[in-house]
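Residue indices begin at 1 and follow the sequence shown.
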Amino acid sequence: MPNTNPNTMPNYRHGISNSVIAMQTAVGTYDTPWNEVGAESVEVSPAERNSTTFYSDNAKPATVNGARGNKTINVQFASFSKDFQTNCFGHTIDNTTGAIVESDDDEGGTFAFGYEVQGTIGPIRVWQLGCTTSDPSQSFQTDGDNATESPDTATFTINGDVISGKQRSTLTCNKGDAGFDTFLSAVPTAVTE
């Protein structure tokens, strides 16, 4: 049935701001988040599940679903901070120069990614839990008559986390919900059914 009430228009979403990162300290527990400035875009891709059809004895086939994969997020930042590079990518800092040192065997940590999406009715705040990532792709050009931005683009895998005894991947809070104002101050841990 179509929506014919002009007073109940959808919340058209656009823009990303207030991005924060909180490192996982234990299953279901995260450290105090820091602001990761420079978010430009977030594209969430749903988890996919493979299915296979088996045939035998010319009978009715059986379809078996495989394990569901994890959701991923393609994120674009103007650049990632040193905190992000050391904690999430697993790089180190040279004590003499302060430079970021990358190694082939760097192992980043698990983190929660929080952000706010603007909307025509009101903003939405989101936490993606149990994220991991690898080094971003970068592209640099020599400037001609016009400058071309060279943002960092990375894929975050959302592995989820156990909160209140259940595997969870995404927490969402809308403007007007009781916890909206402090939603990105810490990763929520109390979930009720």
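Atom CD of residue Q85 and atom OG1 of residue T92 lie 10.5 Å apart, to the nearest 0.5 angstrom. Interatomic distance, T29 OG1 to M23 CE, rounded to the nearest 0.5 Å: 13.5 Å. With values rounded to the nearest 0.5 angstrom, E107 atom CD is found 15.0 Å from F89 atom CZ.
Taking the ring axis of Y115 as reference, the NZ or CZ atom of R125 does not stay both within 45° of it and closer than 6.0 Å to the ring centre.
No side-chain heavy atom of F80 sits under 4.5 Å from any side-chain heavy atom of T133. Contact of the W34 side chain with the N87 side chain is registered, since non-hydrogen atoms from C-beta on lie closer than 4.5 Å. Here the side chains of I21 and C88 are in contact, with some heavy-atom distance below 4.5 Å. Taking 4.5 Å as the limit, every side-chain heavy atom of T170 sits out of range of all side-chain heavy atoms of L129. Inter-residue side-chain proximity for V75 and T153 is flagged as unmet; no heavy-atom pair is nearer than 4.5 Å. Between D161 and V27, some side-chain heavy-atom pair lies under the 4.5 Å cut-off. Residues V126 and L171 are not in side-chain contact: their nearest non-hydrogen atoms beyond the backbone lie 4.5 Å or more apart. The shortest side-chain heavy-atom distance between S134 and F156 does not fall under the 4.5 Å cut-off.
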What verdict does the side-chain hydrogen bond (donor to acceptor under 3.5 Å, both in side chains) test give for S19 and E36, after you've listed the backbone C-alpha separation in whole Å, the side-chain angles of each residue and the deciding distance to 0.1 Å? CA-CA 6 Å; S19 58; E36 185 66 22; over 6 Å; no
Please walk me through it: do F84 and F111 pass side-chain contact (heavy atoms from CB on, under 4.5 Å)? CA-CA 10 Å; F84 193 92; F111 59 95; 4.2 Å; yes
Decide yes or no on side-chain contact (heavy atoms from CB on, under 4.5 Å) for D152 and Q76, but give the supporting numbers first. CA-CA 6 Å; D152 288 344; Q76 187 171 316; over 6 Å; no
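Placement of F113 and V117 within a single hydrophobic cluster is found when ILVMFWY residues are connected by side-chain heavy-atom separations under 4.5 Å, directly or transitively. In this structure, V42 is a member of the same hydrophobic cluster as I158, with clusters built from ILVMFWY side-chain heavy atoms closer than 4.5 Å. Tracing side-chain contacts under 4.5 Å through hydrophobic residues (I, L, V, M, F, W, Y), one reaches F77 starting from I16; they form part of the same cluster.
The shortest non-hydrogen separation linking P188 to F183 is CG-CE1, 3.5 Å. Summarising the geometry of C173 relative to G179, their closest heavy-atom pair is SG-C, 4.0 Å, with the distance given to 0.1 Å. Nearest approach of A112 to V187, heavy atoms of both residues: CB-CG2, 3.8 Å. Taking every heavy atom of both residues into account, I100 and H91 meet most closely at CG2-CB, 3.8 Å.
For the residue pair T155 and N74, a side-chain donor N or O sits within less than 3.5 Å of a side-chain acceptor on the partner. Between the side chains of T132 and N159, a donor-acceptor pair is found at a separation under 3.5 Å. Defined by atom type and a distance below 3.5 Å, a donor-acceptor pair is missing between the side-chain atoms of K71 and T157. S17 and Q118 share a side-chain donor-acceptor pair at under 3.5 Å.
With D94 contributing its side chain and T96 its backbone, the two residues share a donor-acceptor pair below 3.5 Å. Judged purely by atom type and a 3.5 angstrom limit, E116 has no side-chain atom pairing as donor or acceptor with the backbone of P123. Using modelled atom types, no side-chain atom of T182 and backbone atom of S185 make a donor-acceptor pair closer than 3.5 Å.
Atom CG of N95 is surrounded by 12 or fewer heavy atoms from other residues, nucleotides or ligands within 6.0 Å.
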